[in-house]
Structure formats: structure tokens, C-alpha cells
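Worksheet: the structure to be examined is printed underneath.
Numbering starts at 1 and runs along the sequence shown. Counting starts at 1 for both ligands and their atoms, in listed order.
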Amino acid sequence: MRIAFFSTQSYDRTFFSRYNNGHELVFFDAPLNEQTVSLATGFGAVCAFVNDVLSAPVIAQLAAQEVKLIALRCAGYNNVDLHAASQHQLPVVRVPAYSPYAVAEHAVAMILTLNRKIHKAYNRVREGNFSLERLTGFDLHGKTVGVIGTGKIGQVFIDIMLGFGCRVLAFDVVANRDLEAKGVEYRPLVTLLPDCDIISLHCPMNEQTKQIIGAQTLGMMKKGVMLINTSRGGLVDTRAAIDALKSGQLGYLGIDVYEQEEKLFFHNLSEVIIEDEVIMRLMSFPNVLVTAHQGFFTEEALTQIAQTTLQSINDFEAGKPLAFKIG
Ligand code: NAI
């Protein structure tokens with residue numbers, strides 16, 4: 001099958017070419033959106049990523065161009081109008097599980113970096129500054145960690161935090177009995193938030209979770225709390241987070257995802273004037289750590305993403321059931 005890949009980087013080309021078994025792969029740097037959808041003419045499938053826009057008009061155009069399959073090379077699918085896809089009988093597959101360890105471990109890396117100020121220590125020592133002034137951290141042992149969303153990634157994250165000797169409180173629409181058996185306590189958000197020293201988001205972005213962290217929920221948290229978001233930018237009202245950072249209500253913020261990330265992330269903008277005032281303000285805080293959606297970015301995860309996506313395309317071509325179809 002001819003497959004049009006959008007928003008591709010060198011690593012997409014490397015991993016998909018390595019595991020390709022007979023398909024014609026065409027890699028476009030451009031994101032998929034209303035302006036670029038015509039590039040998919042003549043392709044049987046499109047392969048899209050987190051910031052590609054699969055809105056109703058884009059999907060209608062793909063169907064009109066006789067594209068037969070949308071293959072997401074990611075887990076989240078909040079960027080796809082599933083109703084439009086079903087109306088046009090365009091199946092959408094994704095990669096529901098690719099190394100949950102990659103994202104969970106990145107969340108932990110953010111916690112350790114913010115807490116022990118490794119980013120500052122690295123720069124200081126390189127400049128011959130061996131002072132410890134203002135590098136004080138805190139023991140994770142004995143602290144209370146709140147986990148919002150206890151699915152595949154949340155569970156791995158919880159196991160790591162339990163290993164540090166943390167107490168874990170959780171919020172999810174369904175409680176996981178295995179986690180409860182390990183001592184995890186499920187609570188409603190209103191009683192979870194005030195008791196946590198660290199809060200980490202691991203739920204998907206949907207109507208219920210959009211801006212689940214905003215002025216009101218930030219106000220319920222312990223003063224000086226650490227908030228980590230490796231899930232989706234839209235879970236956090238960034239302007240409210242900035243206000244909370246300014247007042248000291250939020251003591252640390254680690255984000256691997258950002259509401260407006262599609263204009264920034266995955267691109268080298270080091271020679272460009274960045275017009276997004278919100279991210280620039282965020283990056284000016286000494287207690288904020290931003291990474292550019294790299295939670296998934298391990299050898300193991302990239303291998304699984306390529307293998308699972310290509311397997312779904314093989315199955316589609318062979319008329320087999322699609323194990324990872326959404327909906
Ligand atoms: P999952 O589907 O295994 O788990 C999600 C959990 O969230 C489930 O337990 C579900 O019940 C819960 N949930 C759903 N709605 C909720 C609500 N309204 N309130 C509270 N909990 C709710 O998903 P997985 O694999 O653990 O991934 C979680 C998220 O991580 C993805 O949706 C994606 O947005 C993000 N992600 C980020 C990556 C990165 O590179 N930074 C890479 C992969 C995923």
C-alpha cells in the first residue's frame with residue numbers, strides 16, 4: 001500500500017523504513033491539515049501524529065481522495081473527529097500501548113530534575129560554579145503523590161513512586177483493584193488535591209478532562225505543590241498555571257505537553273522569534289521545566305510504534321480485523 005506520512009522527522013523515517021515489509025512509504029515534513037490534505041491524493045493510507053489536524057473537513061477530503069485508512073502513530077486521538085471518520089467509513093487505528101515505561105519514566109525524570117535542580121547544577125558545574133546555594137531539594141520518600149488517570153502509564157508511574165517510598169492517592173473514573181491492593185487510595189479530586197505534594201496527570205484529553213487543572217483546582221492544591229503533565233496540554237489552563245506560579249501556589253511545574261504545542265514542538269526554532277508569549281513567560285520561571293513532547297521518545301517505544309502501525313496496515317490490506325481500531 002502507498003502510505004503518506006505527515007509531520008515526519010528523521011527518526012520516523014529511520015524506524016518505519018527499518019520495519020517496512022513491502023509498503024511504499026512517502027514521508028512529508030508538513031503536518032496534516034486543511035492546507036496539506038491534498039498531498040494524500042493517490043495514497044491508500046495516511047499516517048498521522050499527535051499534532052496533525054484530522055478535523056471533519058480534512059477527513060471529508062481524505063475520503064474524497066479515496067484514502068482508505070487513517071493510521072495514528074500515537075496513543076492519544078483527541079485530534080481526530082471520530083464522528084466524521086465513521087460517517088465516511090474511514091477506519092482509524094492507533095498504537096494504544098507502546099512502552100508505558102517511556103512516558104512514566106519521563107514524568108519521574110521531570111520530578112527528579114525539578115526537585116534536585118539537576119538542570120541548574122549541570123550548568124553551574126560546567127561554568128566552574130560548585131556552590132550549592134539554592135539547590136536544596138526534598139526527599140521523595142514519605143511524600144504524597146496524586147495520580148490523575150491510572151491506566152497503563154499511570155500504573156507504571158505509580159509503581160515507580162511506590163518504590164521511592166511515596167504514598168499514592170489516585171483519581172480515575174474506574175478504580176484499579178490491583179493498585180488498591182498495593183496501598184493506592186482512590187479519592188474524588190476535591191479531597192485528593194489538598195493532600196498532595198506532587199500531582200501527575202496521566203488521563204486522556206476529553207470533554208471531562210479538558211482544563212481539569214485550572215484556577216479552581218489549582219486553588220485546592222497544597223501551597224508549593226509540584227505539577228507534572230506528560231499527557232496532553234489541554235488538561236491544564238496554562239494562564240491559570242502562570243498565575244499560580246507567580247503567587248507561589250504552584251511551586252514547580254514540569255510539562256512535556258502544551259496547549260499550543262503544534263506551533264512549536266518538534267521544530268528547531270532557535271533562530272526564530274517566538275511569538276507565543278505564554279510559553280515564553282513559562283520558560284522564564286526558574287521552577288518550570290518544559291520538554292517538547294519527548295515522553296514517548298525511547299528506542300523501545302519507537303520500535304513498537306513502527307511495528308504496531310505497520311501491522312495494522314498489513315491487517316487492513318489483508319481484510320483482517322483491526323485490533324487497534326478506535327471506536
Ligand atoms: P490509558 O487509556 O491506558 O489510561 C488512561 C486512564 O485515564 C484510564 O484509566 C481512564 O479510565 C482514565 N480516565 C479517562 N477519563 C478520565 C477522567 N475523566 N478522569 C480521570 N481519569 C480518566 O492511557 P495511557 O496509555 O496510560 O496514556 C495516558 C495519556 O498519556 C494518553 O491519553 C496520552 O494523552 C498521554 N501520552 C503522552 C505521551 C507523551 O509522549 N508525552 C505518549 C503517550 C501517551
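Annotation for ligand 1: atoms under 4.0 Å from non-hydrogen atoms of Gly149 are 7 (O). The ligand atoms of ligand 1 that sit less than 4.0 angstrom from a heavy atom of Val174 are 11 (O). Taking every heavy atom of Phe171 and a limit of under 4.0 angstrom, the matching atoms of ligand 1 come to 19 (N), 20 (C). Each of the atoms 18 (N) of ligand 1 lies under 4.0 Å from some heavy atom of Gln208. Close contacts between ligand 1 and Tyr98 involve ligand atoms 42 (C), 43 (C) [criterion: under 4.0 Å to a heavy atom]. Remark: ligand 1 atoms within the under-4.0 Å shell around heavy atoms of Thr209 are 16 (C), 17 (C), 18 (N), 19 (N). Near Val103, the atoms of ligand 1 lying under 4.0 angstrom from a non-hydrogen atom of the residue are 38 (C), 42 (C), 43 (C).
Between the side chain of Glu66 and the backbone N or O of Phe43 there is no donor-acceptor pair closer than 3.5 Å. Of the possible donor and acceptor atoms, none in the side chain of Arg2 sits under 3.5 Å from a partner among the backbone N and O of Ala45. A distance-only check finds no donor-acceptor pair linking the side chain of Asp243 to the backbone of Lys246 [under 3.5 Å]. A donor-acceptor pair under 3.5 Å is absent between the side-chain atoms of Gln294 and the main chain of Asp256, judged by distance alone. Under the 3.5 Å distance criterion, the side-chain polar atoms of Ser200 are left unmatched by any main-chain donor or acceptor of Val147.
With distances taken over non-hydrogen atoms, the option nearest atom 41 (N) of ligand 1 out of Asn229, Thr230, Leu201 is Thr230. Counting only non-hydrogen atoms, the option in Gly76, Ala107, Ser231 that gets closest to atom 30 (O) of ligand 1 is Ser231. Comparing Gly234, Ala102, Cys203, Gly154 against atom 22 (C) of ligand 1, the shortest heavy-atom distance belongs to Cys203. In this structure, of Pro204, Gly151, Gly233, the residue bringing a heavy atom nearest to atom 7 (O) of ligand 1 is Pro204.
For Gln260, the CD atom counts as densely surrounded, since its 6.0 Å shell holds more than 12 non-hydrogen atoms of other residues, nucleotides or ligands. Within 6.0 Å of atom NE2 in His119, more than 12 heavy atoms from other residues, nucleotides or ligands are found, so the atom counts as buried in its surroundings. More than 12 non-hydrogen atoms from other residues, nucleotides or ligands lie less than 6.0 angstrom from CZ of Arg13.
Taking the six-membered ring for Trp and the full ring otherwise, Phe27 and Phe16 have centroids separated by 6.0 Å or more. The aromatic ring centres of Phe5 and Phe49 sit 6.0 Å or more apart. Remark: aromatic rings of His202 and Phe157 are close, center separation under 6.0 Å.
Here Asn206 has side-chain heavy atoms under 4.0 Å from ligand 1, and that is the only part of it that gets that close. Counting heavy atoms closer than 4.0 Å to ligand 1, residue Asp256 contributes side-chain atoms (C-beta onward) but none from N, CA, C or O. The proximity of Asp172 to ligand 1, defined as any non-hydrogen pair under 4.0 Å, involves the side chain as well as the backbone.
Taking a 4.0 Å cut-off on heavy atoms, His202 registers as neighbouring ligand 1. Within the structure, ligand 1 lacks Phe297 among the residues with a heavy atom less than 4.0 angstrom away. Distances shorter than 4.0 angstrom do not occur between any heavy atom of Pro100 and any atom of ligand 1.
Nearest protein heavy-atom neighbour of atom 1 (P) of ligand 1: Lys152 NZ, 3.8 Å. Here the protein heavy atom with the shortest distance to atom 40 (O) of ligand 1 is Phe296 N, 3.0 Å. The single protein non-hydrogen atom nearest to atom 33 (C) of ligand 1 is Arg232 NH1, 3.7 Å, given as residue, atom name and distance. With respect to atom 26 (O) of ligand 1, the closest heavy atom belonging to the protein is Ile153 N, 2.8 Å.
Counting heavy atoms from C-beta on, the side chains of Val37 and Gln65 come closer than 4.5 Å.
Across Asp52, Asp81, Val80, Leu32, a single residue satisfies side-chain contact (heavy atoms from CB on, under 4.5 Å) together with Val58, and that is Leu32.
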